[in-house]
Number of protein chains: 2
Amino acid sequence: MNIPRYKQIQEDLKKRIQKGDYKVGDYLPSEHELCSAFTITRTTARKALEELQKEGFIIRQHGKGSQVRERRDSLGLLTVKGFSEAVAQQVETEFLRRPELTSWDFDLSFKPTAREMKTQCLYFSRLRYIDHQPVMVEDNWLAVEKVPGFEKQEFVEGSFFKTLSQRYLIEIIGSEQELRAIAASEKVAGLLQVKKGAPVLHITVKYLTSIPGYYIYSQLFCQTDQFPIGNSFFVQ
Amino acid sequence: MNIPRYKQIQEDLKKRIQKGDYKVGDYLPSEHELCSAFTITRTTARKALEELQKEGFIIRQHGKGSQVRERRDSLGLLTVKGFSEAVAQQVETEFLRRPELTSWDFDLSFKPTAREMKTQCLYFSRLRYIDHQPVMVEDNWLAVEKVPGFEKQEFVEGSFFKTLSQRYLIEIIGSEQELRAIAASEKVAGLLQVKKGAPVLHITVKYLTSIPGYYIYSQLFCQTDQFPIGNSFFVQ
DNA sequence: TAGTGGTCTAGACCACTGG
DNA sequence: CAGTGGTCTAGACCACTAG
């Protein structure tokens, strides 16, 4: 198997939670029980449970066990999961600009590297809807260097990140984000169907990829009245 | 020692990075080198390095090593670190309301539990400055049940979380957050020295503590013009 | 190829939780 | 008290990176 054992067990447990075999408040099998059930050692069992904790499915407590947690379903945007995976509700996407080659002329707090500037910039822009209501404008910039032909094809399952992963073997390994509350410009206000000058959330993102020195830059304008941006976080 | 070995090594390496012994771009000693240097096994060395990665100090790459990362110094607020620890710049704090006993009457998307409602509510409010400029209004609510006498004492080193930890042995183990862009009310605008109606970032937080069912509720109003809220995040 | 981190085994002792 | 997770040892094999 190429997929690590802990990952298999992690996904197995996750599916059982999602199917309802383990409900909110239930305890998963203890580390020792997982060891005998899957014929693994505690290191592997712990890794699977720690990952589930990171993802917010369970809370682990010393002396007690791993308890299934209630998950809030506002946009879990501040993770690198991407929009489509993060939202449970009905999501639609409309391209404002399909992927096209441009020059590097975006104005974010993050700046492209000199190396990236040497190649052309691939740009696309999308408008995202939840329950048929526009909630987010998204602009994306990346160096075309590592994604040749990107502009000539459809997205894998409508997902940008899935396309990167499956067609170019590029994985997202992290992100840096900056958040600001700003007044909506006329253009953004029109797209999000709010008044010009209304407060919107502006998020600039620099995604780190599995290719060193190769980044993806994004900006989001979010209408947070009905759908606040959510985030949950665990330590230990 | 009560402090785990991996934690000691993590802090040791962190201090060396902060002192400049390891600069941005440098590689930390490999896992094997740490093993012999500290007389530990790889499990322990890995744990220390993984924690440093979580905190954003290093990037670990298979086949290469642990490289010191540039840390952006906007407010790393979306972690549970708390304000004083997260910001490098000069920070001042002014109490708008010192800790006092009140009834539960806050109106956040998070609701106190029935158990919490049975005891009185401890409330305090602070205004935070960076470089003598007001940037954040912070309101906090928690059940007085687990923090008797809180209102009668000073904070440990000015830090709310340190006070909880050292005086009441309560640790923060996670948080859930919701972010919205809103128009500043007259009161908030006055405190943050912006115009009434100006966009401000509103963050509501439910902190999970080491006491099951015991939470801390906060709301923040942030003026993000000069100091955007920052966040960095890593997977794997 | 040598060196790195990723995964895993098979144990051990400890601290915490609850009855 | 029994059961849980937290920490740690002492190995092993593998996949990835770079010269």
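All values below come from the heavy atoms of this structure, side chains included, with hydrogens, waters and symmetry mates left out. Reminder, nothing fancy here: chain letters follow the sequence lines and each chain counts from 1. Predicted model only: the values in this text are computed from it and were never measured.
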*Could you summarise the pairing of DNA chain D as dot-bracket text, marking Watson-Crick and G-U pairs under 3.5 Å with ( ) or [ ] inside the strand and | across strands?*
||||||||||||||||||.
*Only counting residues at least two apart or in another chain, list the ones meeting salt bridge (Lys or Arg N to Asp or Glu O under 4.0 Å) with A/Asp105.*
none
Review item, nucleotides 2-5 of chain D N/O atoms under 3.5 Å of protein N/O:
residue: D/dG3; atom: N2; partner: A/Gly63; partner atom: O; Å: 3.2
residue: D/dT4; atom: OP1; partner: A/Ser30; partner atom: OG; Å: 3.4
residue: D/dG5; atom: OP2; partner: A/Glu31; partner atom: N; Å: 2.8
residue: D/dG5; atom: N2; partner: A/His62; partner atom: NE2; Å: 3.2
residue: D/dG5; atom: N3; partner: A/His62; partner atom: NE2; Å: 3.2

_Going by the rule side-chain hydrogen bond (donor to acceptor under 3.5 Å, both in side chains), which residues pair with B/Glu100 if we only count those two or more places apart in sequence or in a different chain?_
B/Arg97
*Would you mind reading off the distance between A/Lys7 atom NZ and C/dG6 atom C1', rounded to a whole angstrom?*
13 Å
*Go through the structure and list residues passing side chain to side chain contact (heavy atoms under 4.5 Å, CB included) with B/His32, not counting sequence neighbours.*
B/Ser30, B/Arg42
*Applying side-chain hydrogen bond (donor to acceptor under 3.5 Å, both in side chains), name anything that partners B/Arg46, two or more places apart in sequence or on another chain.*
B/Glu31, B/Glu50
*Report the residues that fulfil side-chain hydrogen bond (donor to acceptor under 3.5 Å, both in side chains) with B/Tyr123, sequence neighbours left out, ordered by chain and then residue number.*
B/Asp139
*For B/Lys118, enumerate each residue passing the salt bridge (Lys or Arg N to Asp or Glu O under 4.0 Å) test, keeping only those at least two apart in sequence or located in another chain.*
none
_Value in whole Å for how far the C1' atom of C/dT7 lies from CD of A/Gln8_ = 12 Å
*A/Tyr217 and A/Trp141: ring pair (Phe, Tyr, Trp, His ring centres under 6.0 Å), yes or no, with the steps?*
CA-CA 5 Å; A/Tyr217 305 91; A/Trp141 296 266; 8.2 Å; no
*In whole Å, what is the span from the CD1 atom of B/Ile40 to the P atom of D/dT9?*
7 Å
*Which whole-number value in Å describes the distance from A/Ile3 CD1 to C/dG6 P?*
18 Å
*Spacing of B/Gln53 atom CD relative to C/dG6 atom C1', expressed in whole Å*: 12 Å
*Let me know the distance between CG of A/Leu34 and C1' of C/dT9, rounded to the nearest Å.*
16 Å
_With a cut-off of less than 4.0 Å, is there a side-chain N or O of B/Tyr6 near OP1 or OP2 of D/dT7?_
yes
*Do B/Tyr207 and B/Phe161 have their ring centres less than 6.0 Å from each other?*
yes
*Between atom CD in A/Glu51 and atom P in C/dG6, what is the gap in whole Å?*
12 Å
*Let me know the distance between CD1 of B/Ile9 and C1' of D/dT9, rounded to the nearest Å.*
13 Å
*Reckon A/Thr44 touches a base, only the sugar-phosphate, or nothing at all at heavy-atom distances under 4.0 Å?*
sugar-phosphate
*List for me each residue that meets side chain to side chain contact (heavy atoms under 4.5 Å, CB included) alongside B/Phe95, sequence neighbours excluded, and say none if there are none.*
B/Arg98, B/Pro99, B/Phe124, B/Arg126, B/Phe155
